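Inspection log for the structure reproduced underneath, given as structure tokens.
We're numbering straight along the sequence, starting at 1. What you are looking at is a predicted structure, and each value in this text was computed from that prediction instead of being measured.
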Amino acid sequence: MKGVTSVTVSVPLTIRRRGGRKQIIGPDGAVAPQGDGGAGVVPVNGDPALIKALARGFRWRRMLEEGRYGSISEMAKAEGVERGYVGSLLRLTLLAPAMVEAILDGRQPAGVTLPALLEGVPVGWGE
């Protein structure tokens with residue numbers, strides 16, 4: 001195709017963990033701003049372990065739906081984790097969308113933790 005050009009932009013940066021959060025350090029040593037709409041910076045208020053578990057669960061569900069794996073056992077073996085753990089995280093994808101949003105925003109009730117959710121979700125939320 002005539003007139004098409006490609007430009008590659010390389011930005012040297014470093015990602016460091018500080019206080020459980022990741023910070024982007026620019027080439028001049030400047031730290032990317034947190035929470036003020038800085039480019040590429042998304043502040044996370046929720047429980048990092050719970051958010052990571054939700055992300056893994058939704059990722060694994062999508063992989064099963066796309067047919068990348070034929071079973072939970074096959075996926076667990078490929079991912080190098082226990083089958084029961086995969087099943088537990090897949091159950092997190094059945095949470096109500098409002099609860100998932102609350103978890104991502106850090107607004108979930110105090111008792112809603114990863115260990116509590118891995119034990120099982122009570123039939124009545126009042127419990």
Side-chain angles (χ1 to χ4, degrees):
M1 294 186 334
K2 210 171 197 184
V4 176
T5 60
S6 176
V7 176
T8 302
V9 177
S10 177
V11 179
L13 55 90
T14 305
I15 299 176
R16 292 198 183 125
R17 289 180 85 64
R18 295 209 175 136
R21 294 181 176 228
K22 292 180 182 173
Q23 285 187 322
I24 299 174
I25 311 296
D28 59 354
V31 177
Q34 293 284 325
D36 65 353
V41 177
V42 178
V44 176
N45 300 321
D47 176 2
L50 187 50
I51 291 171
K52 182 178 178 180
L54 275 171
R56 280 182 121 181
F58 278 100
R59 178 176 154 259
W60 289 341
R61 184 177 90 177
R62 186 181 69 242
M63 293 167 88
L64 284 170
E65 289 171 347
E66 291 174 349
R68 290 168 91 179
Y69 296 106
S71 68
I72 293 174
S73 298
E74 182 183 328
M75 180 169 43
K77 184 176 179 182
E79 294 284 318
V81 294
E82 294 289 326
R83 184 202 179 287
Y85 181 67
V86 172
S88 295
L89 294 193
L90 285 172
R91 277 194 303 275
L92 295 180
T93 67
L94 302 175
L95 291 171
M99 180 58 77
V100 172
E101 284 185 29
I103 290 169
L104 295 175
D105 292 341
R107 298 180 289 109
Q108 76 272 17
V112 179
T113 62
L114 181 57
L117 288 175
L118 291 180
E119 286 178 15
V121 178
V123 175
W125 276 107
E127 298 174 34

[X] [atom1] to [Y] [atom2] distance, which is reported to the nearest 0.5 Å:
X   : Y    : atom1 : atom2 : result
I51 : Q108 : CD1   : CD    : 8.0 Å
R68 : R62  : CZ    : CZ    : 7.0 Å
L89 : E79  : CG    : CD    : 11.0 Å
R83 : K77  : CZ    : NZ    : 14.5 Å
R56 : R59  : CZ    : CZ    : 7.5 Å

Which atom of [X] lies closest to which atom of [Y], heavy atoms considered:
X    : Y    : value
I72  : G87  : CG2-N, 4.4 Å
R91  : S88  : NH2-OG, 3.1 Å
L92  : A53  : CD1-CB, 3.9 Å
A116 : G111 : CB-O, 3.4 Å
R61  : L90  : N-CD2, 3.5 Å

>> For a 4.5 angstrom cut-off between non-hydrogen side-chain atoms, does Y69 reach V86?
In response: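 Of all side-chain heavy-atom pairs linking V86 with Y69, none is under 4.5 Å.
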> Side chains of V112 and D47: does their closest heavy-atom pair fall under 4.5 Å?
Replying inline: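 No, their side chains stay 4.5 Å or more apart.
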>> Please identify which of these residues, L104, D105, I103, meets the side-chain contact (heavy atoms from CB on, under 4.5 Å) condition with R107.
In response: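 One option only clears the test, and that one is D105.
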> In terms of heavy-atom contacts, does CD of E74 have more than 12 from other residues, nucleotides or ligands at under 6.0 Å?
Replying inline: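 Counting other residues, nucleotides and ligands, CD of E74 exceeds 12 neighbours.
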